Protein chains: 2
Amino acid sequence: MTKQRITISDVAKKAGVSPTAVSFAFNKPEQLGKETLERIFEAARELGYAANPYARALHSGSIGSLGVLVPQSISSIFSNPFFAAFLQGMGVMCDEKGIGLLTLAVQDNNLEAAIAKAPVDGFVLVGLNEDHEEVAPLIKRNIPTVIVDGDGSQFSTVNVDDEGGAYQAAKYLLDQGHRDIRILTFETPYNHLEYVYFGVGGRRLRGYQRAFQEAGLDWNDEYLVPTIASIEGGQDSFMQLMAQKRQPSAVLAVSDAMAIGVVLAAKQANLRIPQDLAVIGFDDIPLAELMSPALSTVNQPVTEKGRLAADLLISALEEGQHKAQHFMLPTTLILRDTTR
Amino acid sequence: MTKQRITISDVAKKAGVSPTAVSFAFNKPEQLGKETLERIFEAARELGYAANPYARALHSGSIGSLGVLVPQSISSIFSNPFFAAFLQGMGVMCDEKGIGLLTLAVQDNNLEAAIAKAPVDGFVLVGLNEDHEEVAPLIKRNIPTVIVDGDGSQFSTVNVDDEGGAYQAAKYLLDQGHRDIRILTFETPYNHLEYVYFGVGGRRLRGYQRAFQEAGLDWNDEYLVPTIASIEGGQDSFMQLMAQKRQPSAVLAVSDAMAIGVVLAAKQANLRIPQDLAVIGFDDIPLAELMSPALSTVNQPVTEKGRLAADLLISALEEGQHKAQHFMLPTTLILRDTTR
DNA sequence: AGCTTTTAGTAAAAGGTTTTAGAAAAAATG
DNA sequence: CATTTTTTCTAAAACCTTTTACTAAAAGCT
């Protein structure tokens, strides 16, 4: 026997009033007489009544939670310290407003379906551009949305100076005299190298490239090593690099996880860091500082990024139509033990 | 001008059919003729129609996402590596089933309100017991629920042998001859020491206690140092300990974050680890292995815990009524550089 | 041709809430 | 006391979808 859900009518019947009165009791108590109010609350408490959130949302159009959409599996999101920090930042705002945070699994193909089904008032899109075809429905149905690490004009965007940070990192190594530098990039779909110049990874790459060119070096796709964005990925890539004839004196990685993998693999191979191998990562995740040797890296204000994104989204939600704003937060080269 | 949401009737009108037909097109296409079907899909595509998830949920009772309820702020959840691993585990299952994961802000007082408002099909409760008064509505309205790190009989539970793991840790230090051991416990509400014996922290404490008693030592609440569960918390607590007359030769911490803080503070004070100070944490978060000196700790299968919890919840959802199952996963003492 | 079965589609109810417009009763006003 | 205003409460519409029960037309059968 499945217990029937308690509805507003059940409470109304028990309290001897109309369903409207019960609704008023919770939403506009000033509309009701004092003792009726008491009676309704009493009945509701006894029956354990709580308004059906879907019925409420159907009417009001709002459900009280935000969606975070990342074109990756949920499990990979949570294993990524970058997202942990980012979600923490969003969490600060959500806590303040008593709002839930829905992380969405997105098998790349059915992004559109995920958007349609999600019980949220608005989205934060990470690593997707406004002109992505599957993002179109959000525009069409004008659902409040904020884009992070991606381009857009109708929606507000929050980005970070990836190009500048990468430039600084590469310039630093080049100024130190390094000429054999390898670059660990995000893995590309279908191993198609041109994809590597898209998105966040692409922006970082262009920063490295600019530094190389200013130093009078040819930019060569041979420098690039597509790598899975994880510690293991970094280890694997570096082990492969060591197997080659020409060994790098320095490694630039587009993510800290990869860089840490490189450091681990180099330590196992008894390379001295930074003498035999210099490494600079990207992101400045907490582990970068805590590991030893501590990782040199490019800091980006991840938590602030999350906080700002949530803030923009919530403002848009509260104020109805909201003018799109575009933010570019600074990045900073942080030198620790894996360089110099 | 706010764009009106496209409804099923809009599509119906455009395709020249009844709303029912449109619904059938998406849910029971075999009920419709081939060319009508085409016409409906065409109209839906042009208008950018997607069924309102709330209306659908109102009818079907299911919305396709799971709630994770932790009696902490969202922001503190994501900054906690334990939860990152736990959510990753849940994420594996959610990915498989295409289900969203809603993390809920819970200001302790309005836990009940959060439960009532959440657009989810079921809950995973972390660190709450079934008999918690605010959990009652879940039972009353029999919403599928799984309890993690807490007790329950009606709901399935997933726990870990906290007591046994703690016992092993304490026994190891005592066997090594340590007699000046301090124990970093979870902070208690209102600084009321008796709360320390509740919940997960309490189970771990009882493990330490058993080892102490078997070693013929008095158990003394003076050993206990309530500490905020973070790296900074651990640092602060250890700095206070060092300021005292009697210095500990070893520290047991109920969480790795605290333990890491202790190690950091001890390093800054130029203590040699493990010679001057031995440390054993709890949880075995990824950082424990990667930091240096690598942290000795008690491993618990956190990701598996998350996976199992989600699995149990999803099964309960799919199979309707489901018999409660109770799991107790093993813990293992992992000795690394901060001991012996 | 007359009957039954199948196919293709529709009307209406159900799901639970909020809000608008309005009614009845009570209180205030002159 | 009659009239207006205020207070307290209700009926009904709206929100949007799915499902059940049903009809009309077409097809199959003897």
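In what follows, chains carry the letters A, B, and so on, assigned in the order in which the sequence lines appear, proteins first and then strands, with residues in each chain numbered from 1. Note that this is a predicted model, so its numbers are computed, not measured.
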Length of the line joining B/I8:CD1 and C/dT10:P, which is rounded to integer Å
12 Å

Quick check: any donor-acceptor pair below 3.5 Å linking the side-chain of B/T36 to the base of C/dA8?
no

Could you tell me the separation between the CD1 atom of B/I6 and the C1' atom of D/dT17, rounded to a whole number of Å?
16 Å

Starting at atom CD1 of A/I63, determine the distance to atom P of D/dC16, rounded to an integer number of angstrom.
15 Å

Would you classify B/Y49 as touching base, sugar-phosphate or nothing, given that sugar-phosphate means primed atoms plus P, OP1 and OP2, and contacts are heavy atoms under 4.0 Å?
sugar-phosphate

If the plane angle is over 60° it's perpendicular, under 30° parallel, otherwise tilted; pick one for A/F82 and A/F86.
parallel

The residue, B/L32 or A/F24, whose nearest nucleotide of DNA chain C is more 5′ is B/L32

Within a reach of under 6.0 Å around NZ of A/K14, are more than 12 heavy atoms found that belong to other residues, nucleotides or ligands?
yes

Between atom OH in B/Y54 and atom P in D/dT18, what is the gap in whole Å?
15 Å

By nearest atom, which of the nucleotides C/dG15, C/dT20, D/dT17 is closest to the B/L58 side chain?
C/dG15

Are B/S76 and B/Q72 close enough that a side-chain donor and a side-chain acceptor fall under 3.5 Å?
yes

Rounding to an integer number of Å, can you tell me how far A/I40 CD1 sits from C/dT17 P?
14 Å

Carboxylate-amine/guanidinium proximity below 4.0 Å for A/E42 and A/R39
no

Can you tell me which nucleotide in C/dT17, C/dA11, D/dT17 comes closest to the side chain of B/T20?
C/dA11

Round to the nearest Å and state the distance from B/R5 atom CZ to D/dC16 atom P.
8 Å

Would you call the rings of A/F26 and A/Y49 parallel, tilted or perpendicular, taking 30° and 60° as the class edges?
tilted

Checking D/dC16, D/dA11, C/dT18 against the side chain of B/T7 (C-beta onward), the nearest is D/dC16

Nearest whole angstrom, please: distance from the P of C/dA8 to the CD of B/E38.
14 Å

Nearest-Å distance for atom pair NZ/C1', residues B/K13 and D/dC16:
14 Å

Nearest heavy atom decides the nucleotide; on that basis, is B/Q31 or B/H59 closer to the 5' end of DNA chain D?
B/H59

The nucleotide from C/dT18, C/dG9, C/dG16 with an atom nearest the side chain of A/S23 is C/dT18

Determine: side-chain N/O of B/N52 to OP1/OP2 of D/dT17, distance under 4.0 Å, yes or no.
no

